[in-house]
Amino acid sequence: MSVERTLCIIKPDAVEKKKAGAILALLEEAGFSILACKRVQLTRPVAEGFYAVHRARPFFGELVDFMIRSPVFLVVLERENAVMHYRKVMGATDPAKADANTIRKLYGTSVGENAVHGSDSLENARIEIAYFFAANKVAPVAS
Ligand code: ADP
Ligand code: MG
């Protein structure tokens with residue numbers, strides 16, 4: 001295993017419920033370093049580009065509408081085995097099926113409004129981080 005980075009997005013539902021701080025605290029408790037964090041109102045083209053892989057799915061329009069409803073937090077996380085570990089801490093896509101004490105079980109509402117995004121592979125983590133953060137805006141590897 002090695003030190004990796006992954007992208008977390010705290011989605012509009014969780015930000016609206018004022019759970020961004022609780023989610024960041026949970027992530028720190030889980031051993032992640034928060035390398036970068038910014039609050040952003042996504043635009044439609046930016047959200048469509050981010051979720052382009054899902055363009056053909058029936059829920060694509062609903063997903064984009066949701067993601068631009070109100071601001072999100074874009075968060076770069078670092079840890080040993082960060083990509084897979086964060087997927088575990090995040091929980092299953094559907095909060096009803098997520099394990100106890102995962103972010104989605106604690107803060108998600110539905111399969112669409114599920115509190116957070118997480119990269120699904122190291123390659124996609126690199127692409128997703130670069131989509132939102134210039135390289136010189138993210139700290140070098142944590143000491
Ligand atoms: P994950 O976020 O767990 O990686 P996916 O990549 O499959 O899940 O889906 C991306 C996002 O699209 C989900 O987090 C969720 O917000 C939304 N989504 C997925 N499946 C559905 C669905 N059946 N109905 C509505 N929204 C969905
Ligand atoms: Mg995914």
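As the structure is a prediction and not an experimental result, all values here were calculated from the model.
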Could you check whether any side-chain N or O of E48 sits under 3.5 Å from a backbone N or O of V64, counting only pairs where one atom can act as donor and the other as acceptor?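 Side chain of E48 to backbone of V64: no pair is present.
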Does R104 reach the main-chain N or O of V111 with its side chain, forming a donor-acceptor pair under 3.5 Å?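 The answer is no, because no donor-acceptor pair under 3.5 Å joins these two groups.
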Answer yes if L42 and Y131 sit in the same cluster of Ile, Leu, Val, Met, Phe, Trp and Tyr residues linked by side chain heavy atoms under 4.5 Å apart, and no otherwise.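 Linked within one cluster.
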Minimum heavy-atom distance [X]-[Y], with the two atoms named:
X    : Y    : result
A30  : R79  : O-NH1, 3.0 Å
A125 : S119 : CA-OG, 3.4 Å
A14  : A115 : CB-O, 3.7 Å

Under the rule for side chain to side chain contact (heavy atoms under 4.5 Å, CB included), what residues qualify as partners of K88, not counting sequence neighbours?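 So K88 forms no side chain to side chain contact (heavy atoms under 4.5 Å, CB included) with any residue.
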Can you list everything that forms a side chain to side chain contact (heavy atoms under 4.5 Å, CB included) with E80? Sequence neighbours excluded, please.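 Applying side chain to side chain contact (heavy atoms under 4.5 Å, CB included) to E80 gives M1, V3.
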Point-to-point distance, once rounded to the nearest 0.5 Å, from [atom1] of [X] to [atom2] of [Y]:
X    : Y    : atom1 : atom2 : value
E113 : L63  : CD    : CG    : 10.5 Å
S33  : E78  : OG    : CD    : 6.0 Å
I129 : L74  : CD1   : CG    : 11.0 Å
L7   : R126 : CG    : CZ    : 14.0 Å

Output all residues satisfying side chain to side chain donor-acceptor pair (under 3.5 Å) with [X], sequence neighbours left out; order by chain, then residue number.
X    : result
D65  : R44
R57  : H54
D120 : N124
E16  : R69, S70

Run through the side-chain heavy atoms of Ile, Leu, Val, Met, Phe, Trp and Tyr, join any pair under 4.5 Å, and report what else lands in F73's cluster.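 Taking Ile, Leu, Val, Met, Phe, Trp and Tyr as members, F73 shares its hydrophobic cluster with I10, V15, I23, L24, L26, L27, F32, I34, V75, L77, Y86, V89, M90, I103, L106, Y107, V116.
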Share the residues that join M84 in a hydrophobic cluster, the rule being Ile, Leu, Val, Met, Phe, Trp or Tyr side chains under 4.5 Å apart at the heavy-atom level.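 Traced through the cluster, M84 reaches V83, L122.
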Would you say [X] and [Y] make side-chain contact, with heavy atoms under 4.5 Å?
X    : Y    : value
V72  : P12  : yes
K17  : T109 : yes
F132 : V76  : no

Determine all donor-acceptor pairs shorter than 3.5 Å in which one atom belongs to a side chain in residues 94-101; sequence neighbours excluded.
from, atom 1, to, atom 2, distance (Å)
D94, OD1, A96, N, 3.0

Assign the ring pair H117 / F50 to parallel, tilted or perpendicular, where the plane angle (0 to 90°) is split at 30° and 60°.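 Perpendicular, since the angle between the ring planes exceeds 60°.
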Results of ring pair (Phe, Tyr, Trp, His ring centres under 6.0 Å) for F66 - residues two or more places apart only: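 Scan of F66 (ring pair (Phe, Tyr, Trp, His ring centres under 6.0 Å), adjacent residues dropped) gives none.
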Contact list for residues 21-39, test salt bridge (charged side-chain N to carboxylate O under 4.0 Å, His left out), sequence neighbours left out: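 Non-adjacent pairs meeting salt bridge (charged side-chain N to carboxylate O under 4.0 Å, His left out): zero.
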